[in-house]
Amino acid sequence: MLSESHKKRIITGLSLAAVLVACLAVGGWPLRILLCVVVVLALWELYQMFWPGRSNMLCKGAGYAGGLLIVLGSGLCFGLNGVLAIIGLGAMFAAVAFLVNYGRGNDRATLQENLPLVFGLIYIPLTLQFALGMPFVEQFLVILGATASDIGAYYAGSNLGKHKIWPRVSPNKSWEGAIGAVLTNMAAIAVFTFIFKIPGMEHVAIWQWALAGLALSIMAQLGDFFESAFKRAVGVKDSSNLLPGHGGLLDRLDSIIFVLPTYIILKWILV
């Protein structure tokens, strides 16, 4: 019998999957608008962990504006150089915020307290905007490379997990769960690429895709570990309570954020 929290987890996951797949299939502006919503909410969660409540509203506002500009302009008004220029402007804004704060007599002002503005722009919109230039089949492959790993880890760890990997970072993660994640991901990627051929990569063998699934699973799990360590460092359990049964949006994005650039590098190697 499924617990109430598990039911919420499944219902939320299926609802998110339906919206995501629909926007990916349609592409264009629906996908770009969805990504704008995701970026703003994820940045809000991240900045709230650094700057709770109404603190540092100027840096938060600059971060939201920069994130939207990156998603809206990527591939339309400008390319990667334009994205990097926006991040550079974010760094300048953080520097000026420190300058103003220190110049007003705050001897405790440090540049580091404004750096989450820049980190947020790199970690979330810079990474996620790469998905906009991918065909649907590759977008789905990236999502599969993150979710299959998460599902394999969850169920293998829940039923077989005995040996902890890194209790200080994530006390519930086990070696059994990690192995389940890797095997699930390797099988999922191999089957998917056997059924759906990736444009320009038809020559890649199934065993090579299986190894790609191994690499994607490792990166997905590292993304999960990073998010766990980060939350522990700032003293929160979940990034927010936006998603019933799942916690916050960042708790769902952590694997994808690490998998997406990894796939791009793997594609370059395989091609």
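This structure is a prediction, so every number in the text was calculated from the model and none was measured.
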Task: Option among Tyr123, Phe225, Phe50 that satisfies the ring pair (Phe, Tyr, Trp, His ring centres under 6.0 Å) test with Phe230 - done: Phe50

Task: Verdict with supporting geometry, Glu138 and Lys267, side chain to side chain contact (heavy atoms under 4.5 Å, CB included) - done: CA-CA 10 Å; Glu138 287 188 290; Lys267 179 181 177 180; 3.0 Å; yes

Open item on the list: Is it true that Ser255 and Asp150 share a donor-acceptor pair across their side chains at a distance under 3.5 Å?
Closed with: yes

TODO: Would you kindly say whether Lys173 and Gln221 are connected by a side-chain donor-acceptor distance under 3.5 Å?
DONE: no

Task: Side-chain cluster (under 4.5 Å, hydrophobic types only) that Ile265 belongs to, other residues - done: Trp268, Ile269

How about [X] and [Y]: are their ring centres within less than 6.0 Å of each other?
| X | Y | value |
| --- | --- | --- |
| Phe258 | Tyr263 | no |
| Phe119 | Tyr47 | no |
| Phe192 | Phe140 | yes |

Output the distance between atom [atom1] ([X]) and atom [atom2] ([Y]), rounded to the nearest 0.5 Å.
| X | Y | atom1 | atom2 | result |
| --- | --- | --- | --- | --- |
| His163 | Ser174 | NE2 | OG | 9.5 Å |
| Met219 | Ile256 | CE | CD1 | 14.0 Å |
| Phe196 | Leu144 | CZ | CG | 10.5 Å |
| Leu211 | Ile206 | CG | CD1 | 11.5 Å |
| Leu117 | Tyr64 | CG | OH | 11.0 Å |
| Leu20 | Arg252 | CG | CZ | 13.0 Å |

Side chains of [X] and [Y], heavy atoms from C-beta outward: is any pair under 4.5 Å?
| X | Y | value |
| --- | --- | --- |
| Asn101 | Glu113 | yes |
| Ser170 | Ile165 | no |
| Cys23 | Gln139 | no |
| Trp209 | Ile198 | yes |
| Ile70 | Leu128 | no |
| Leu132 | Leu35 | yes |
| Ile122 | Thr127 | no |
| Leu68 | Val39 | no |

Task: With Phe130, the side chain to side chain contact (heavy atoms under 4.5 Å, CB included) member among Val83, Val142, Leu260 - done: Leu260

- [ ] Using side chain to side chain contact (heavy atoms under 4.5 Å, CB included) as the criterion, point out the one residue from Ile189, Ile195, Thr193 that pairs with Val191.
- [x] Ile195

When you group the ILVMFWY residues by side-chain heavy-atom contacts below 4.5 Å and let the links chain together, are [Y] and [X] in the same group?
| X | Y | value |
| --- | --- | --- |
| Leu84 | Val118 | yes |
| Phe98 | Met57 | no |
| Leu41 | Val234 | yes |
| Leu214 | Ile143 | yes |
| Val37 | Val71 | yes |

Task: Heavy atoms of other groups near Phe136 CZ, more than 12 under 6.0 Å - done: yes

Open item on the list: Can you tell me if Trp51 has over 12 outside heavy atoms packed within less than 6.0 Å of its CH2?
Closed with: yes

Of all the heavy-atom pairs spanning [X] and [Y], show the shortest one and how long it is.
| X | Y | value |
| --- | --- | --- |
| Asn185 | Gly213 | ND2-O, 3.0 Å |
| Val259 | Gly145 | CG2-O, 4.2 Å |
| Asp251 | Gly248 | OD2-N, 2.7 Å |
| Gly200 | His203 | O-CE1, 3.8 Å |
| Pro199 | Val137 | CD-CG1, 3.5 Å |
| Met49 | Lys231 | SD-CG, 4.2 Å |

TODO: Would you sort out whether Arg168 and Arg232 count as a side chain to side chain contact (heavy atoms under 4.5 Å, CB included), showing the intermediate values?
DONE: CA-CA 9 Å; Arg168 173 176 167 80; Arg232 288 182 176 277; over 6 Å; no

Task: Check: Gln129 side chain, Ser74 main-chain N or O, donor-acceptor pair, under 3.5 Å - done: no

TODO: Without swapping roles, check the side chain of Gln208 against the backbone of Leu270 for a donor-acceptor pair under 3.5 Å.
DONE: no

Open item on the list: I'd like to know whether Leu43 forms a side chain to side chain contact (heavy atoms under 4.5 Å, CB included) with Lys60, so could you lay out the CA-CA distance, the side-chain angles of the two residues, the decisive distance to 0.1 Å, and finally the verdict.
Closed with: CA-CA 8 Å; Leu43 285 173; Lys60 287 179 184 177; over 6 Å; no

- [ ] Applying side chain to side chain contact (heavy atoms under 4.5 Å, CB included), run through Val38 and Ile124 and close with a yes or a no.
- [x] CA-CA 9 Å; Val38 168; Ile124 299 172; 6.0 Å; no

